[in-house]
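Residue numbering restarts at 1 for every chain, and letters A, B, ... go by the order of the sequence lines.
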Number of protein chains: 2
Amino acid sequence: MSESEYLAAYDPRAFPAVAVTVDVVALTIIGGVLHVLLVERGEPPYAGRWALPGGFIRPGEDLDRAAARELAEETGMTQRVHIEQLASYGAPDRDPRMRIVSVSYLAFAPDLPDPQAGSDAADAAWYGIDRLPKLAFDHERILGHALERARAKLEYTPLATAFVGETFTISELRRVYEAVWGLPLHAGNFHRKILSVPGFVESTGETTESGGSRGGPRAKLYRAGDARLLHPALLRPEREEEIR
Amino acid sequence: MSESEYLAAYDPRAFPAVAVTVDVVALTIIGGVLHVLLVERGEPPYAGRWALPGGFIRPGEDLDRAAARELAEETGMTQRVHIEQLASYGAPDRDPRMRIVSVSYLAFAPDLPDPQAGSDAADAAWYGIDRLPKLAFDHERILGHALERARAKLEYTPLATAFVGETFTISELRRVYEAVWGLPLHAGNFHRKILSVPGFVESTGETTESGGSRGGPRAKLYRAGDARLLHPALLRPEREEEIR
DNA sequence: CCTCGTTATTCTCATACTGAGATTATCTCA
DNA sequence: TGAGATAATCTCAGTATGAGAATAACGAGG
């Protein structure tokens, strides 16, 4: 049997059918606090419960595209969104309907369009990371993994610039790190560090139009540089409990 | 309709059927060179081409378990194998038979049982990472991602100890880093660094029975410590080309 | 207008980590 | 027994770090 004959005779039903979904952990910063996009489920299972936005992949649709589509359906965001794949989850009983394997994605957005409830969601909203409701499925676990990934990525990639506007001040960038890591940082050391990493930010030569709302000088404006990796990295303060 | 009624009426065929496979990138070190386990495909598509070991997940089988099973089928290894999930791949045309989403796994093994051809493989063998044949599907891309992950993980986790025996010398550990990173390392600095990371290794108080085959003193023996993260991390030398 | 509190930016300084090289002692092999 | 190899330490200069302080520019309220 030739390879083409083999393929013509091939029966897809011979293999166990599984549904594949994408779930998106979309993060933004509101009022200095990290927020995640959640949707309220309109249908069983877990009707009425909040969950990560997501849905089934479509025939002919790549995983990355499916994630971007799901995110756009809930937020209308299509521009300036960083999106990357995280892990996949496939415990046999994670969805009561059938065998579902879910590929999770992480998305960062600088501004925050008010979310819009998608087709199968009753509602959609940004939730502060420290005021989460109980989530459907195994989405708490997925969210936890996503947060850890986001925090780690800030250390060695210029990802933080995806949270701020086209141009930004060093202090704005610092507030991104503080929000995602959930820690206060030493302003002086942070400033020195950012400027010492080649290619992280480049000066625009401009400054802000005025000082901060509570005073202080005008800050210099920067834009993202061309570095893809930060070297040296910006490491989080000691995490004694995570080491052992 | 109650939730239970809804589930009873639920039709799994309403969603596009996708097959889910796991592909395993199994690495070991032979003669100081990193090797990857490959199988020769016995059936179309890509019959006769070498590929990563893998296969369809079974009903009721978790992803991690499927990966461990596939690895065991090819190598017989079940003990002392570190295995972890990498990325998922779902381009619509990545398999000519049907829509297949593949979840890739990374496995490390300290010793190297001669591989045994599994059910649907014509042959199986360890290939040196710098002498790879052309691979089936998108497996070259998967392997590339796996190598980068492995190299990165050596930096901040004690993963390297999964490549050596129960007890080991600092030099053995260094040869693991050199093989995976593909770089020679400064023996003195490496030694200092390993011993300065809390919990990475702990002394057994023993030494090797004899010196190296080409001379040199007996080396002190260590075993893996209880650290889960290395702090400070062992960073690879500058990678200028990867930064921009 | 003037002062106070706030913020951006830059320094200082002690401590820690790094790469490169050298040193010493111990072993195998010829 | 001597030569070469290797394990384990040490030195030293360069660089990165955290903590704190100094300087200066600004907004707001009297």
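Under the rule for a salt bridge (charged side-chain N to carboxylate O under 4.0 Å, His left out), the partners of B:E84 that lie at least two apart in sequence or sit in another chain are B:R149, B:K153. Every ring-ring contact (aromatic ring centres under 6.0 Å, His included) that A:H82 has, sequence neighbours left out, goes to A:F108. A:R218 pairs by the side chain to side chain donor-acceptor pair (under 3.5 Å) definition with nothing, not counting sequence neighbours. Qualifying side chain to side chain donor-acceptor pair (under 3.5 Å) partners for A:Y89, counting only residues two or more places apart in sequence or in other chains: A:H145. A:D62 pairs by the side chain to side chain donor-acceptor pair (under 3.5 Å) definition with nothing, not counting sequence neighbours. Not counting sequence neighbours, B:Y156 has no partner by the ring-ring contact (aromatic ring centres under 6.0 Å, His included) test. Under the side chain to side chain donor-acceptor pair (under 3.5 Å) criterion, A:S102 pairs with A:T21, A:D23, sequence neighbours left out.
Using a 4.0 Å cutoff on non-hydrogen atoms, no part of residues 178-185 of chain A comes near DNA chain C. Scanning residues 199-211 of chain A for heavy-atom distances under 4.0 Å to DNA chain C yields an empty list.
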For each nucleotide in nucleotides 6-14 of chain C, reading 5' to 3', give B when a protein heavy atom comes within less than 4.0 Å of its base, S when such contact involves only the sugar-phosphate, and - otherwise. BBSSB-B--
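The list of side-chain hydrogen bond (donor to acceptor under 3.5 Å, both in side chains) pairs with a residue in residues 194-215 of chain A, not counting sequence neighbours, reads A:E202-A:R223.
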Using atom types as modelled, flag every donor-acceptor pair under 3.5 Å from a side chain in residues 168-179 of chain A to any protein atom, sequence neighbours excluded.
| from | atom 1 | to | atom 2 | distance (Å) |
| --- | --- | --- | --- | --- |
| A:T169 | OG1 | A:S171 | N | 3.4 |
| A:T169 | OG1 | A:E172 | N | 3.1 |
| A:E172 | OE1 | A:T169 | N | 3.2 |
| A:Y177 | OH | A:L154 | O | 2.9 |
| A:E178 | OE2 | A:L185 | N | 2.9 |

